[in-house]
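Below, read A as the first sequence line, B as the second, and so on, with proteins coming before strands; counting in each chain starts at 1.
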Amino acid sequence: MLAYVLNRMGRALVTIVIIVSLAFVILRLSGDPAITILGPEAPPQAVEAFRKAWGLDQPIWVQYLKYFSAVFQGDLGNSMRDGRSALAVVWERVPLTLAITVPALLINILIGLPAGVLAALLRNTAFDRLIMTVSVIGFTVPSFVMGLTLALVFAVSFRLLPSGGSGTIAHAVLPVVTMGIIGAAVIARFTRSAMLEVLGQPYIRTASAKGAAWSRVIMRHALANAAIPTMTIIGFMVGSLVAGAVVVESVFSWPGVGRLLVTAVANRDLAVVQVILLFIGFTMVTANLAVDLLYGWVDPRLRTKADRAGT
Amino acid sequence: MSVETFPDEEPRHGSGGSVHNAKSRLKVFFEARPPTVLLALAWIGLMLIVVAFAPLLAPYDYLAISLSDRLAPPVFLDGGWVHPLGTDELGRDVLSRLLMSIRISIVIAFLSTLIAATLGVSLGFFAAYFRGRAEQVILMMIDAQAAMPFMIIALAVLAFFGNSLVLFTVLMGFYGWERIARIARGLALSANEQGYATAVRDLGASPWRIYGRHILPNIASTLIVSMTLNFPEVILLESGLSFLGLGVQPPLSSLGNMVGYGRDYIQSAPWIMLAPSLVIVLTTLAISIIGDWLRDLFDPTLR
Amino acid sequence: MALLRVRELKRHYDVRLPGGLMGRRAKLKAVDGISFDVEKGKTLGLVGESGCGKSTTAKLVLGLIPANAGSITFDGKPVTASHDAAWRAMRRRMQMIYQDPLGALDRRLPIADQIGEPLVIHEPGLAASYRRERVAELMAAVGLRRDQAGSYPHELSGGQRQRVIIARALALSPDFLVCDEPVSALDVSIQAQVLNLLEDLRAKNGFASLFISHDLKVVRQMSNRVAVMYLGLIVEEGPPEAIFHDPMHPYTRALVSAIPTPARRGRRERIVLQGDPPNPVDKPAGCPFHPRCPSAMDICRTTPPKLIGHGPRRVACHLHDDAPETRLIAAE
């Protein structure tokens, strides 16, 4: 088990190094870092000071190492727009993004999981068909279409909720529901097929043939085994929530990290884009690490397999 | 997933094919395809016609501005047949813009999927052929790409390098390559386990010949299915970025682009954004249905 | 000089024995030091039970897999497993016929394309019309009908597929052919036809071959010399008449006695081997055959016997050690 944990943590570390290196390479490829970080209108003495501070006159690998240490000290340059530290600019938006993504993730799981399990248990009934038909939207309706449709109905037509902005809980409802519905549909579909696969396994049939009560078979065997593949999709959901937040925050003018990213890209505020890129990278690596560790804890078979593969 | 939409086939009459007349062949065709698949095929056929003939089908120039006709409602909201789907804030004909947008969105998605497939198959074969360290590097790239939401990568690249139609299409081509690479590598490895690839190698064939002329045709059906499943996701991604104003740039127009500019008129002229939204949903839905159907047909093991 | 010279060839695999997380590592000695020659135009038959290393030997001598030790020389040049251009060029002269013809054919190509493929690979300058003609000749030579050219492998019978493999292997008129159990996957009624075809073609084209089979009758029909393998080693080697009429090694004796021949029933008792079937991972010390040998002696448990010449043949058995002192120990 220790080997498995170390293996996964090592992988996470490697991925972080790759992401930081990638940011370094992209930054160098796109032009003079001093100009791109400080902005074209920066005074020459500031550019000079920046060059000196970042050691841009030194060999590339020294620059690379300096870049690394700067990243881990949180020194990531200033926003082009208001000159404040890019890290601070991003950091103050984080709570607002968490305020809509965390409830959305809860909705995803609380609606998606039971719906998928029930659909599998009631396979080929009207309920199953209903869930499957509704869940198609998770794959075919883009989040901006979903968001705008909800806004059209609940904000424009019925005037129940605000169509954009922030400040009250009412403002958060539509963004949360938009991301919640789409994610729940994806999870329901995935859970259903994981569950169906488990229900078809011989040991389930054996357990029910031995006379175990059906509810017991489901609780003890089927759910536990279907949980394993379902956990991967929840790790994946964190990724799509992050991507979804970019669009949904823009639709509802919610001032979170996603909207900041879109404006930063449009204005080519590279320091801010870079901080957000690294920030999301760390989030994803952490989420995947958590899923991996949980996975190894739930499924001992997998743990040993990864140990043997030794990669 | 949607295996249930494909009911058991009727036993085909006259399997030798000699007694088939046109009518019974038609019957077999319909029996082999459930109605949802037929509708999906019909929709995709319509879209392909639009892609091919958009300028001929469009009643107006999609850029023509007519300020006197601003925000005219479509037919189903008591508008006239002059502008069947209404006009936008500059008086441009929504139907004409829609047709051109379909063309651009589908062409971008098609080219991007082609790039992703080429990249994925090449790297997958490369990993399967060289094994060892090269394979580890490719697998690490696959993991890294899968770990990061592609939308974020795309936004970062657009921020650093600016936007052009070519760059944007190539960028979209990096979406999904890792899944195709994983599949191609797995299939190539199992082909190498099977006799035919080894036998051709033993004849003295070069790796190019083994992979290009033998392994690729043998695994093509599975690759085509995974490309089909990649296609709608590229459409969603492209329309999402264009919606944010960071994808296809005006004066060109794409489906997401139309929705993005239409949302400012969601109260006064919702039809501007509704028509392209509907096309996005129907197209991704249709391709997904066809992809699932093809997968069940060719390769039930692929998920 | 022999066309193919093999000396002290070894091939070991690292395996992990089943049993818990940390299964014991072990060496599987598939081929454990064998030497033999194949003369120009002659056939060496290789017999033994499954798992004795016959197929590994086949792949080694063609350079399909690398050897751990020993040397292989083909027409004076060393055979490597480097899979480079020189290796590919050498395929012109050495080819293989597989046990499973369907598996060795590409299901998506018509058979004529596959028969002509060696020509495309090694003689790319050849005109397509000439190649078609050559394919037609090859098909006729192996007894395939002209109208079958466009057929796909799954449309043919097992025997016809093996004919396609043979035609493909002979397309470049190789000097050396390895036949790895070429008929064991075929119906008994078809086996004789394919064997006769191979014999006719050898008489006509004069290629040398290594013929591998677990079936002694087949080997006897096809070979000029026969080598018997047991657990990665050659235990007896010689002309087929000698081997089959007067086997010297107890293992060969047991194999020969198991051939169901009605005429011989009265003369010889069938020898049934004792003990477990051989396991190449857990090889016994001394003579590998001793746990199952009816005439095992003390020395067999400690000292591996050497392959020693006896007239036209060679035997590795302490019963036939020529040194008198070993005889004495054996008598006690």
Derivation of the side-chain contact (heavy atoms from CB on, under 4.5 Å) call for B/Ile152 and A/Ile276
CA-CA 9 Å; B/Ile152 306 298; A/Ile276 297 177; 5.6 Å; no
If you count heavy-atom pairs within less than 4.5 Å of chain B, which of A/Val14, A/Val251, A/Val136 leads?
A/Val251
Closest approach of B/Met148 to A/Leu277 (non-hydrogen atoms, all atoms of both residues)
CE-O, 3.6 Å
Taking all non-hydrogen atoms of both residues into account, name the closest pair between A/Pro142 and B/Val281 and its distance.
CD-CG2, 4.1 Å
Which residues from residues 143-150 of chain A are near chain B, with near meaning under 4.5 Å between non-hydrogen atoms?
A/Phe144, A/Val145, A/Leu148
Contact origin within A/Val141 toward chain B - heavy atom pairs under 4.5 Å
both
Can you tell which part of A/Ser250 gets under 4.5 Å to a heavy atom of chain B, answering side chain, backbone, both or neither?
both
With a 4.5 angstrom heavy-atom cut-off, which part of A/Val247 approaches chain B: side chain, backbone, both or neither?
both
Which bit of B/Pro270 comes within less than 4.5 Å of chain A, counting heavy atoms only: side chain, backbone, both or neither?
side chain
Distance-minimising heavy-atom pair for B/Pro149 and A/Ala243:
CB-CB, 4.1 Å
Residues of residues 278-291 of chain A under 4.5 Å from chain B (heavy atom pairs)?
A/Ile280, A/Gly281, A/Met284, A/Asn288
So for A/Leu152, is it side chain, backbone, both, or neither that comes closer than 4.5 Å to the heavy atoms of chain B?
both
Do you know the tightest heavy-atom contact between A/Thr140 and B/Leu285?
CG2-CA, 3.4 Å
Residue from A/Leu261, A/Val273, A/Val265 scoring the most non-hydrogen pairs under 4.5 Å with chain B is A/Val265
